[in-house]
Amino acid sequence: MRLYLINPSNPLVSIVNIKESRWNRYRVWKPLSLMVLGGLTPPEWEISIIDENLGAPDYSAMPRPDLVGITDFTSQANRAYEVAAYFRSLGVPVVMGGIHATMRVEEVMERVDSVVTGEAESIWRQVLVDARRGSLKRRYDGGLAEIDDVPPARHDLLDTGYAFGAIQTTRGCPLNCTFCSVTAFNGAHYRLRPIPDIVREFRSIREKRVLVVDDNLIGTRPEHIARAKDLFRAMAQANLRKEWVAQATINFADDEELLSLAARAGCRGVFIGFESLSPEGLREIGKKFNLLKDRDFRASVQRIQRHKILVVGSFIIGLDIDEPGIGTRIAEVASRYGVDNLNTLFLTPLPGTRLWDQMKSEDRIACNRFPEDWKYYTLTFPVARYRHLSLAGVIQEKITCDRGFYSMPRILRRVWGNVWQRRKPLISLVGNLSYRRNLQLNRKAYADFRRYSNNTHNSVRES
Ligand code: B12
Ligand code: SF4
């Protein structure tokens, strides 16, 4: 029995776009979901994982599979439907699962044979049994997995062309920020994989560098921090010789022992969502956690960097409190915090989030020709109507912000700071140049987007 597991091409960045910027190689990540499905699949299935970000293959030249499984984020939905239509035209059954399939079940059901909602661990084997018998159900619900049932991912099924391997150590997030799908999809309970399983799986990853995909590797409560320390101790003891990057909340900076253990375990970079400059903004999006303790963000960033860990800071543009000038302010504040890279994203109502419900009820979802418009749900296009910023205005804020933060003098200052502190100046330079190069690509994409939108979506205030 032959199974194809497919990651449809990602409109945002793929290795195919390497011609446009060779630094993009560092921005393409392995589709861990499909490697986990591989780990759940019994040996009688011959599995091929096809990641279209490495270049879409000529499916007609490949052997006919008995079953196709497709994963997709919302932004990949259109390509996912094309791939599904192709295989269904050959009479091959197609199953779709993952975040978009879960949040848009009806839409997906119209285009595939079977939809799997939620996490797949409890249900995937049953799907395969039914597929063999030719009796696939239209819908399966995996719900939330027992965390001990998460198998080691099949890292051997995908090997070439990536700069980073991938692993997951926790699932779920209690914070439930309005714009984020994680609590809706993975639940509010923070579930922890057993440490020995993680260490063993780390060993099976061939890449030297690894992305730990957890939404928050360290968690928010004292018992989470204690577990993170145990994990880092075990990783250091196992002498894995891996360098890894992860996502964490800002409390990562609050515990010197945690930082030092993380660095010893191989942590080289951390992605932190600051999201907004102001307490009102943080309250608006429900990220109250960042408000705690009268925090000095600059000092927090510096404490992390002292352990030779790079900090990527993320902010959102387009909150209801954001007014003209927000782009310049974010660039300035992010520079003041001293982050090594800045990632600004447009406030985007992703399906299944609280923000989606709110914006839908206020008739603020401007790109709403679905499924075609899903391609713009990359957080890099302003798909909604913002309170104080028009379409042209919000795009201009983003351009101003990026131009300000990634100006050559500021890049050189940051890289020089890294040389001075002996903190991986090369990685910092590559990261900064990659972002800078993509700014030019973004500008063209925005011009096309404005033409597509016909400049119709005004700010809420104007309409
Ligand atoms: C790692 C990651 C990335 C990596 C991508 C790695 C990759 N190629 O998969 C990078 C950094 C590139 C990335 C980029 C983006 N990401 Co991202 N990312 C994640 C993150 C943190 C973890 C994903 C992961 O690997 N999970 C571990 C695996 C094991 O879990 P899983 O994917 O959910 O798979 C399970 C089930 O969903 C199911 N399943 C999945 N696929 C299938 C398929 C079949 C057939 C079946 C049966 C089951 C099934 O089974 C799996 C096992 O239980 C998630 C948050 C999260 N917790 O999921 C956000 C998340 C998926 N990303 C999100 C977003 C918005 C983006 C971007 C658009 C934003 C941006 N500008 O960065 C881009 C778009 C990329 C694109 N493809 O177009 C959103 C997606 C929301 C949505 N509705 O689409 C999420 C949920 C975060 C959020 N804030 O809401 N991302
Ligand atoms: S943005 Fe981060 S902290 Fe907020 S709900 Fe999502 S994963 Fe949790």
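Along the sequence shown, residues carry numbers from 1. Start at 1 and go down the list; that is how both ligands and their atoms are numbered.
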Electrostatic pair [X]:[Y] at N-O distance under 4.0 angstrom:
X    : Y    : answer
K30  : D51  : no
R200 : D197 : yes
E362 : R385 : no

For [atom], which candidate among [options] provides the closest heavy atom?
atom                    : options          : value
atom 63 (C) of ligand 1 : F271, F164, F73  : F73
atom 77 (N) of ligand 1 : M35, M96, Q76    : Q76
atom 34 (O) of ligand 1 : S33, S9, P8, G97 : S33
atom 45 (C) of ligand 1 : V116, V36, I70   : I70
atom 71 (N) of ligand 1 : T378, L379, V150 : T378

Contact check, [X] vs ligand 1, heavy-atom distance below 4.0 Å:
X    : result
Q168 : yes
F185 : yes
G118 : yes
E121 : yes
A145 : no

### Query
Which class fits the ring pair Y452 and Y376: parallel under 30°, tilted 30 to 60°, perpendicular over 60°?
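Tilted, since the angle between the ring planes falls between 30° and 60°.
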
### Query
Y4 vs F87 aromatic rings, parallel, tilted or perpendicular, using cut-offs 30° and 60°?
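If you compare the ring of Y4 with that of F87, the planes turn out perpendicular.
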
Can you report which non-hydrogen protein atom sits closest to [atom], along with the distance?
atom                    : value
atom 6 (Fe) of ligand 2 : C180 SG, 2.4 Å
atom 2 (Fe) of ligand 2 : K287 NZ, 4.0 Å
atom 4 (Fe) of ligand 2 : C177 SG, 2.3 Å

Can you tell me which portion of [X] lies within the under-4.0 Å heavy-atom range of ligand 1? Options are side chain, backbone, both, or neither.
X    : answer
R171 : side chain
W124 : side chain
L350 : side chain

Where ligand 2 meets [X] - atom numbers and elements under 4.0 angstrom, heavy-atom basis:
X    : result
F179 : 1 (S)
L175 : 3 (S)
D215 : 7 (S)

### Task
Using ring-ring contact (aromatic ring centres under 6.0 Å, His included) as the criterion, point out the one residue from F73, F185, W374 that pairs with H100.
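Output: one option passes, namely W374.
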
### Task
Kindly determine whether F315 and L277 satisfy side-chain contact (heavy atoms from CB on, under 4.5 Å), including the steps that lead there.
CA-CA 8 Å; F315 287 86; L277 303 176; 3.6 Å; yes

### Task
Tell me which part of C173 gets within contact of ligand 2: side chain, backbone, both or neither, using heavy atoms under 4.0 Å.
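Under 4.0 Å from ligand 2, C173 contributes side-chain atoms alone.
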
### Query
So with a 6.0 Å cut-off around CD of E280, is the heavy-atom count from everything else above 12?
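Atom CD in E280 is packed in, count exceeds 12.
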
### Neighbour count >12 (heavy atoms, 6.0 Å) for atom CZ, R206
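Atom CZ in R206 is crowded, with more than 12 foreign heavy atoms closer than 6.0 Å.
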
### Query
At a 4.0 Å cut-off, with the gap strictly under it, does some heavy atom of N216 reach an atom of ligand 2?
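For ligand 2, residue contact (heavy atoms, under 4.0 Å) with N216 is absent.
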
### Query
Can we call the ring centroids of Y337 and F274 under 6.0 Å apart?
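Yes.
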
### Query
Ring centres of W244 and F232 under 6.0 Å apart?
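For W244 and F232, the ring centres are under 6.0 Å apart.
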
### Message
Can you confirm if the NZ or CZ of R111 lies within 45° of the ring axis of Y81 and under 6.0 Å from the centre of its six-membered ring?
### Response
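So R111 does make the cation-pi contact.
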
### Between E119 and N186: side-chain donor-acceptor atoms closer than 3.5 Å
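Present: a donor and an acceptor within the cut-off.
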
